[in-house]
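Each remark here refers to the structure printed beneath this line.
Remember, it's 1-based here, ligands and their atoms both numbered in the order they're listed. Side chains included, hydrogens not; waters and symmetry mates left out as well; all remaining heavy atoms used.
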Amino acid sequence: MNKQAIHINDTTLRDGEQAAGIAFNVEEKIAIASLLDSIGVHELEVGIPAMGHEEAESIQRIANLGLNAKLLGWNRANLSDIQASINCGLDRVHVSVPVSDIQIAAKFKGQRQLVLDKLRDAINFACDRGLSVSVGGEDSSRADESFLLEVAQSAQEWGAFRFRFCDTVGVLDPTTTYKKVSYLVSHLSIVIEMHTHDDFGMALANTLAGVKAGAISVNTTVNGIGERAGNAPLEEVVMGLKYLYDIPTGIDTKRLVEVSKLVSKATNFPVLPWKAIVGENTFAHESGIHAHGVLQNPITYEPFAPEDVGWERRLVVGKHSGRHLLLSVLQQHGITLGQAEIQSVLDAVRHQSVKTKRSLTVEELLSLVPQS
Ligand SMILES: CC(=O)SCCNC(=O)CCNC(=O)[C@H](O)C(C)(C)COP(=O)(O)OP(=O)(O)OC[C@H]1O[C@@H](n2cnc3c(N)ncnc32)[C@H](O)[C@@H]1OP(=O)(O)O
Ligand SMILES: O=C(O)CCC(=O)C(=O)O
């Protein structure tokens, strides 16, 4: 596999915000864009200029920040959408066309030729105005492969610099993704970008499979927010590339938790504790056997060091804890117990944990230690 650095095009501010129930205000969009830029994300899909009003204002204000990241506006294959992007001060536009017959029937009267005509007009309009044009094949995964290739090759010929392969309803698995993306890569000279959804929990796996097949740009969202089950999470893609494929992104991974917290607050949706990379349990150890291993060597139960993403390791006492963890925690508080005493504290910990349905605080643990 080619190990060239992968380009991250984060769409938290476009597809991420399309999640039902999420609506960022201007200040939140600016704060998210600025933080993503400061950790080194290469490109930001900042929104949909054709929505007008507050959305256009936030895009305009982000464009005026002078960020290092390239900024991209999402557009339908409509000249008025592209004009709205220009009016926001963007010089890079993404033009989306439906490519599966299911989508073409719903949007373009079932006419494949209309897809090509509208795309050609949109690319010409944008290129004539000096814009860089990225093209997206909506529902690429369910499209007829020869028509998908025809659209992508036409986009390349008309001047697009990139083609986005969209698994719009998240129906691919990694093997199929690899085959489909390899086919496109072998017939195109422009960059292929992956855009995946998590309807079957495959968004990360399919993004990585696309990279393996030769895609060198990927669409992500912070915490995986996005339409329905969401998109490929930024934090998972960056850490997956780094540790599973040894592929650099140049992103400051130590701030991924900070980014996750900002976006979680702005969305008003909490991150689940067991969410990969950024969930608060990802470096918490309670179970006896795990804690025993981690106390000897953290790599027994951690794939990488917590500091790598901005977390700290937590050893917590609860229902599944064992003697070694208990002894270690108590020792930190100057308490040494014998075998019989430690077993009775452990029994009390289990009882209290079930009663309160959570781990114990240190104070609660200490209160269970018999006074000598
Ligand atoms: C897979 C994706 O995520 S695609 C991105 C989807 N994102 C969103 O929809 C969020 C933002 N959307 C919006 O604010 C609005 O839908 C707008 C401003 C884009 C359009 O709003 P409205 O004019 O009210 O139209 P509405 O959303 O009801 O319908 C969509 C229209 O776009 C057309 N359309 C859909 N996709 C495309 C496309 N790729 N290129 C051109 N036209 C398209 C539809 O056929 C329909 O056209 P019609 O009005 O002539 O029937
Ligand atoms: O960019 C496109 O073409 C569509 C992107 C998208 O959000 C999707 O297909 O899920």
Side-chain angles (χ1 to χ4, degrees), residues 9-24 29 43-56 58-59 72-85 87-88 92-100 102-112 114-123 125-126 133-143 148 151-152 155 160 162-172 177 180 184 191-199 202-203 206-207 210 215 217-221 224-232:
N9 175 9
D10 188 86
T11 182
T12 301
L13 298 176
R14 199 277 298 172
D15 204 332
E17 199 189 13
Q18 283 177 209
I22 294 182
F24 299 132
K29 285 199 105 158
E43 184 171 0
L44 305 173
E45 191 165 53
V46 283
I48 303 176
M51 288 170 66
H53 306 289
E54 204 169 324
E55 176 74 352
S58 39
I59 293 170
L72 186 74
W74 188 94
N75 304 272
R76 292 169 293 178
N78 282 346
L79 307 193
S80 59
D81 279 29
I82 296 168
Q83 188 56 53
S85 286
N87 297 346
C88 286
R92 184 174 269 231
V93 287
H94 180 80
V95 176
S96 173
V97 281
V99 289
S100 70
I102 299 170
Q103 301 291 348
I104 296 169
K107 292 165 184 153
F108 287 2
K109 302 176 190 145
Q111 296 172 19
R112 289 184 180 180
L114 201 51
V115 174
L116 293 166
D117 292 346
K118 279 181 165 280
L119 181 60
R120 188 195 52 240
D121 291 350
I123 294 177
F125 181 83
V133 185
S134 150
V135 166
E138 187 190 6
D139 214 7
S140 298
S141 44
R142 293 190 295 180
L148 174 65
V151 173
R162 181 170 67 200
F163 184 78
R164 178 183 292 175
F165 177 94
C166 302
D167 184 17
T168 301
V169 288
V171 290
L172 295 185
T177 303
K180 286 180 182 287
L184 280 186
V191 167
I192 303 292
E193 176 167 272
M194 294 305 297
H195 178 99
T196 61
H197 279 273
D198 213 30
D199 299 71
M202 298 279 184
N206 288 336
T207 292
S217 181
V218 297
N219 248 185
T220 60
T221 63
I225 62 172
E227 288 281 356
R228 305 179 312 282
N231 290 67

| Heavy-atom protein neighbour under 4.0 angstrom from atom 15 (C) of ligand 1 | no
| query | In terms of residue, atom name and distance, what is the protein heavy atom nearest to atom 18 (C) of ligand 1? | reply | A50 O, 4.1 Å
| message | With rounding to the nearest 0.5 angstrom, report the CG to CG distance, N206 to D167. | response | 6.0 Å
| query | Just checking, is any N or O donor in the side chain of T12 or D10 under 3.5 Å from an acceptor N or O on the other one? | reply | yes
| query | Counting only heavy atoms, which portion of N78 has something under 4.0 Å from ligand 1: side chain, backbone, both, or neither? | reply | side chain
| request: Look up atom 39 (N) of ligand 1 and tell me if a protein heavy atom lies less than 4.0 Å from it? | output: yes
| said: Distance under 4.0 Å to a non-hydrogen atom of S96: what atoms of ligand 1 satisfy this? | reply: 38 (C), 39 (N), 40 (N)
| Atom pair CD/CZ of Q18 and R228 - distance to nearest 0.5 Å | 10.0 Å
| Partner set under salt bridge (charged side-chain N to carboxylate O under 4.0 Å, His left out) for E193, not counting sequence neighbours | R162, R164
| task | Show your working on side chain to side chain contact (heavy atoms under 4.5 Å, CB included) between F125 and V95 and close with a plain yes or no. | result | CA-CA 11 Å; F125 181 83; V95 176; over 6 Å; no
| query | Would a search of protein heavy atoms around atom 50 (O) of ligand 1 find one under 4.0 Å away? | reply | no
| task | Could you point out which residue of T220, D15, N9 forms a side-chain hydrogen bond (donor to acceptor under 3.5 Å, both in side chains) with H195? | result | D15
| message | Under 4.0 Å from atom 27 (O) of ligand 1, is there at least one protein heavy atom? | response | no
| Quick one: which ligand 1 atoms are inside 4.0 Å of a heavy atom on A77? | 38 (C), 40 (N), 41 (C)
| query | Where is the nearest protein heavy atom to atom 36 (N) of ligand 1: which residue, which atom, and how far? | reply | K107 CD, 3.6 Å
| message | Going by salt bridge (charged side-chain N to carboxylate O under 4.0 Å, His left out), name the residues that satisfy it together with K118, two or more places apart in sequence or in a different chain. | response | none
| Test log, rule side chain to side chain contact (heavy atoms under 4.5 Å, CB included), inputs T177 and M194 | CA-CA 10 Å; T177 303; M194 294 305 297; 3.7 Å; yes
| field | Nearest-neighbour protein heavy atom for atom 7 (N) of ligand 1, which is reported as residue plus atom name and distance | value | Q18 OE1, 3.0 Å
| message | Counting non-hydrogen protein atoms only, what is the nearest one to atom 4 (S) of ligand 1? Give residue, atom name and distance. | response | W74 CZ2, 3.4 Å
| request: Supply the atom-to-atom distance L72 CG to S85 OG, rounded to the nearest 0.5 angstrom. | output: 8.0 Å
| message | Only heavy atoms of P98, strictly under 4.0 Å: list the atoms of ligand 1 that pass. | response | 39 (N)
| query | How about atom 47 (O) of ligand 1: does it have a protein heavy atom within less than 4.0 Å? | reply | no
| request: Select the closest option to atom 19 (C) of ligand 1 among M51, R228, R76, judged by heavy-atom distance. | output: R76
| task | Decide whether S100 and D139 meet the rule of one side-chain donor and one side-chain acceptor closer than 3.5 Å. | result | yes
| Which residue holds the protein heavy atom closest to atom 1 (C) of ligand 1, what is that atom called, and what is the gap in Å? | E138 OE2, 3.2 Å
| task | Assess R14 for proximity to ligand 1: is some non-hydrogen atom of it under 4.0 Å away? | result | yes
| query | Heavy atoms of the protein only: does one fall short of 4.0 Å from atom 42 (N) of ligand 1? | reply | yes
| Looking at side-chain heavy atoms only, is the closest gap between V99 and V97 below 4.5 Å? | yes
| query | Which residue supplies the protein heavy atom nearest to atom 10 (C) of ligand 1, what is that atom called, and how far is it? | reply | I48 CD1, 3.6 Å
Please give the N or O to N or O pairs under 3.5 Å between ligand 2 and the protein, distances rounded to 0.1 Å.
from: ligand 2; atom 1: 1 (O); to: W74; atom 2: NE1; distance (Å): 3.2
from: ligand 2; atom 1: 1 (O); to: H94; atom 2: NE2; distance (Å): 2.7
from: ligand 2; atom 1: 1 (O); to: R164; atom 2: NH1; distance (Å): 2.9
from: ligand 2; atom 1: 3 (O); to: S96; atom 2: OG; distance (Å): 2.7
from: ligand 2; atom 1: 7 (O); to: R14; atom 2: NH1; distance (Å): 3.1
from: ligand 2; atom 1: 7 (O); to: R14; atom 2: NH2; distance (Å): 2.9
from: ligand 2; atom 1: 7 (O); to: D15; atom 2: OD2; distance (Å): 2.9
from: ligand 2; atom 1: 7 (O); to: H195; atom 2: NE2; distance (Å): 3.1
from: ligand 2; atom 1: 9 (O); to: T168; atom 2: OG1; distance (Å): 2.6
from: ligand 2; atom 1: 10 (O); to: H195; atom 2: NE2; distance (Å): 3.1
from: ligand 2; atom 1: 10 (O); to: H197; atom 2: NE2; distance (Å): 2.9

| task | Would you check if V171 and D199 make a side-chain contact, meaning some heavy-atom pair closer than 4.5 Å? | result | no
| task | List the steps, then state whether side chain to side chain contact (heavy atoms under 4.5 Å, CB included) holds for R14 with H94. | result | CA-CA 11 Å; R14 199 277 298 172; H94 180 80; 5.9 Å; no
| request: With sequence neighbours left out, write down each residue that passes side chain to side chain donor-acceptor pair (under 3.5 Å) with D121, or none if nothing qualifies. | output: none
| said: Using the rule side-chain contact (heavy atoms from CB on, under 4.5 Å), only one of Q103, Q111, K109 pairs with K107; which is it? | reply: Q103
| For atom 22 (P) of ligand 1, is some protein heavy-atom partner under 4.0 Å away? | no
